[in-house]
Amino acid sequence: MLYRRLGRSGLKVSEISLGSWLTYGGYVPKERAVAVIDKALELGINFIDTANVYMRGEAEIVVGEALRRHRRESYVLATKVRGPMGDGPNDVGLSRKHIKEQCEASLRRLGLEYVDVYYCHYYDPETPLEETLRAMDDLVREGKALYVGVSNFSAAQIAEAAAITDRFGLRPIVANQPLYNLFARDIEAEVVPLCEAKGIGQVVYSPLAQGVLAGKYKGADGAPPAGSRAADESGRQAVRSWLNARNVRIAESLRKLAQELGATPAQLALAWALRLPNVSSVIVGASAPEQLEENAQASGLRLPPEALERLEAVVRETE
């Protein structure tokens, strides 16, 4: 496993990281989730990602129980705040009150004294960004979070946040967690160049488009394989959103290229995302240890220029 700096910080994170959306605390039994997290650390994957809203806190509970079996120094843990965690008017958003209370709640569920990276899960138009960033800075000062990140922010929102941290001497943002894969490349135009200039690393989610780029789904209308996320009610919508004629064609081209290069489609898709120096890590989900063993081998896999050009040509043809 290779490691990269998280943005301009000194924190080293594995190129492959393990996420828990739609899996832990959900359709994956706790015992299997624990086995996957054990396997991740065994493989050198040191970056674990979760969020308070994943299964309304259940994912954090499962992740916390699994990590208690390991030295705190051996892993980097990230969680998030923003989404609704109750029915009250202050149970959602990025206000100082919600951030403070949800950080404390996440730490209780995780059974930890601090998290390594604390993300603003997505932008809150109802809260001044200065209030949000001052609250995040306070958590770092209190030792409850070590680094500040944002997720699903636009380039303009990231620029505004960076300007505020610079102006008031607050802890800088070191990570941005966006959607990024061969089907969804919006961040390349503005977000990545801005983050490179500001020292913010990308920690991308859905690099395999919920398994579509891994070759698990053979057609836009095909039945999902048993045991897959698309076969489960909670994961069906997320997977189905990627299954269209254009994406299936790109996935098939990826499969053929992977076969020629002696890799799996998943490894090729992950290596493609990691081709950008600004990408610090790619988040994968796994319901079985064997999936992680395959995905971990994408670390250090560098695609030859001709392979990258072939993929670009396919994408252009389908636009």
(request) Might you work through the side-chain contact (heavy atoms from CB on, under 4.5 Å) test for Val76 and Leu146, ending with a clear yes or no? (result) CA-CA 10 Å; Val76 176; Leu146 303 186; over 6 Å; no
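- At least one donor-acceptor pair under 3.5 Å links the side chain of Arg68 to the backbone N or O of Leu110.
- Closest approach of Asp138 to Arg96, counting heavy atoms only: OD2-NH1, 2.5 Å.
- Shown here for Leu270 and Pro207, the closest heavy-atom pair between the two residues is CD2-CG, 3.6 Å.
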(message) Evaluate Thr132 against Asp124 for side-chain contact (heavy atoms from CB on, under 4.5 Å), listing each step before the verdict.
(response) CA-CA 9 Å; Thr132 296; Asp124 179 7; 5.6 Å; no
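- Using a 4.0 Å cut-off between a side-chain N of Lys or Arg and a carboxylate O of Asp or Glu, Glu312 and Arg185 qualify as a salt bridge.
- Inter-residue side-chain proximity for Ile200 and Val174 is flagged as unmet; no heavy-atom pair is nearer than 4.5 Å.
- Hydrophobic clustering places Phe183 together with Leu303 (ILVMFWY residues linked when any side-chain heavy atoms are closer than 4.5 Å, directly or through intermediates).
- Of all heavy-atom pairs spanning Leu208 and Ala266, the tightest one is CD2-O, 3.6 Å.
- Counting non-hydrogen atoms of neighbouring residues, nucleotides and ligands closer than 6.0 angstrom, the CD atom of Glu113 reaches no more than 12 such neighbours.
- Of the inter-residue distances, the one linking Tyr180 atom OH with Ile283 atom CD1 reads 15.0 Å to the nearest 0.5 angstrom.
- A salt bridge is defined here as a Lys NZ or Arg NE, NH1 or NH2 lying under 4.0 Å from an Asp or Glu carboxylate O, and Glu101 with Lys97 meets this definition.
- Remark: Arg134 qualifies as a cation-pi partner of Phe168 under the 6.0 Å distance and 45° angle criteria applied to the six-membered ring.
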(message) Does Glu309 form a salt bridge (Lys or Arg N to Asp or Glu O under 4.0 Å) with Arg316? I'd like the steps, not just the answer.
(response) CA-CA 10 Å; Glu309 179 51 40; Arg316 288 195 298 268; 2.8 Å; yes
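- Enclosure of atom CD in Glu142 by more than 12 non-hydrogen atoms of other residues, nucleotides or ligands within 6.0 angstrom is indicated.
- Contact check for Tyr118 versus Val148: no side-chain heavy atoms found under the 4.5 Å cut-off.
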Side chains of residues 41-53: which donor-acceptor pairs under 3.5 Å do they make with residues two or more places apart or in other chains?
{"residue": "Glu42", "atom": "OE2", "partner": "Lys39", "partner atom": "NZ", "Å": "3.1"}
{"residue": "Asn46", "atom": "OD1", "partner": "Ser14", "partner atom": "N", "Å": "2.8"}
{"residue": "Asn46", "atom": "OD1", "partner": "Ser14", "partner atom": "OG", "Å": "3.2"}
{"residue": "Asn46", "atom": "ND2", "partner": "Lys12", "partner atom": "O", "Å": "3.2"}
{"residue": "Asp49", "atom": "OD1", "partner": "Lys80", "partner atom": "NZ", "Å": "3.2"}
{"residue": "Asp49", "atom": "OD1", "partner": "Gln177", "partner atom": "NE2", "Å": "3.0"}
{"residue": "Asp49", "atom": "OD2", "partner": "Lys80", "partner atom": "NZ", "Å": "2.6"}
{"residue": "Thr50", "atom": "OG1", "partner": "Ser20", "partner atom": "OG", "Å": "2.9"}
{"residue": "Asn52", "atom": "ND2", "partner": "Gln102", "partner atom": "OE1", "Å": "3.2"}

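- A distance-only check finds a donor-acceptor pair linking the side chain of Gln291 to the backbone of Ser287 [under 3.5 Å].
- The two residues Val28 and Ala33 make their nearest non-hydrogen contact at CG1-N, 3.9 Å.
- For Glu126, the CD atom counts as loosely surrounded, since its 6.0 Å shell holds 12 or fewer non-hydrogen atoms of other residues, nucleotides or ligands.
- Looking only at atom types and distance, the side chain of Asn152 has no donor-acceptor partner in the side chain of Tyr119 under 3.5 Å away.
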(request) Determine, step by step, whether Glu104 and Lys100 satisfy the salt bridge (Lys or Arg N to Asp or Glu O under 4.0 Å) criterion, reporting the C-alpha distance in whole Å, the side-chain angles of both residues, the deciding distance to 0.1 Å, and the verdict. (result) CA-CA 6 Å; Glu104 298 283 1; Lys100 170 71 171 177; 3.4 Å; yes
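- Contact of the Glu317 side chain with the Arg249 side chain is registered, since non-hydrogen atoms from C-beta on lie closer than 4.5 Å.
- A salt bridge links Glu188 with Arg275; the closest basic N to acidic carboxylate O contact falls under 4.0 Å.
- Looking at Tyr114 and Arg72, their side chains come closer than 4.5 Å, going by heavy atoms from C-beta outward.
- Formation of a donor-acceptor pair under 3.5 Å by the Ser280 side chain with backbone atoms of Gly201 is not found in this model.
- Distance CD/Glu15 to CG/Leu2: 4.5 Å, rounded to 0.5 Å.
- Each of Thr79, Leu77, Val203, Leu11 was evaluated against Val117; a single residue qualifies, Leu11, per the side chain to side chain contact (heavy atoms under 4.5 Å, CB included) test.
- If you check the side chains of Ser106 and Glu60, you find a donor sitting under 3.5 Å from an acceptor.
- When side chains are defined from C-beta on, Val34 counts as touching Arg69, because their heavy atoms get closer than 4.5 Å.
- No continuous path of ILVMFWY side-chain contacts below 4.5 Å connects Ile61 to Leu107, so the two sit in separate hydrophobic clusters.
- Side-chain contact between Leu213 and Asn181: present, with at least one pair of heavy atoms (C-beta onward) separated by less than 4.5 Å.
- Side-chain contact check for Thr127 versus His98: every heavy-atom pair is 4.5 Å or farther apart.
- Glu58 places no side-chain N or O within donor-acceptor distance of the main-chain N or O of Met55, the cut-off being under 3.5 Å.
- Taking all atoms of both residues into account, the shortest heavy-atom contact from Ala159 to Leu194 is N-CD2, 3.7 Å.
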(message) Asn176 vs Gln202, test: side-chain hydrogen bond (donor to acceptor under 3.5 Å, both in side chains). Steps then yes/no.
(response) CA-CA 5 Å; Asn176 175 49; Gln202 309 303 313; 2.9 Å; yes
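- A salt bridge does not link Glu260 with Lys256: none of the charged nitrogens is closer than 4.0 Å to a carboxylate oxygen.
- A 4.5 Å side-chain heavy-atom check between Lys198 and Cys195 finds every atom pair outside the cut-off.
- Of all heavy-atom pairs between Ala298 and Leu274, the closest is O-CD1, 4.5 Å.
- Using the six-membered ring where Trp is involved, Trp21 and Tyr54 have ring planes that are tilted, between 30° and 60° apart.
- Cluster membership for Ile99 and Tyr122, using ILVMFWY side-chain heavy atoms within less than 4.5 angstrom, is not shared.
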(request) List the steps, then state whether side-chain contact (heavy atoms from CB on, under 4.5 Å) holds for Tyr75 with Leu67. (result) CA-CA 8 Å; Tyr75 59 84; Leu67 290 177; 3.6 Å; yes
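- No more than 12 heavy atoms of other residues, nucleotides or ligands sit less than 6.0 Å from atom CD of Gln259.
- Tyr123 and Val92 fall into different hydrophobic clusters, where Ile, Leu, Val, Met, Phe, Trp and Tyr are joined by side-chain heavy atoms under 4.5 Å apart, directly or via other members.
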(request) Decide yes or no on side-chain contact (heavy atoms from CB on, under 4.5 Å) for Ile173 and Ile158, but give the supporting numbers first. (result) CA-CA 9 Å; Ile173 295 164; Ile158 294 171; 5.8 Å; no
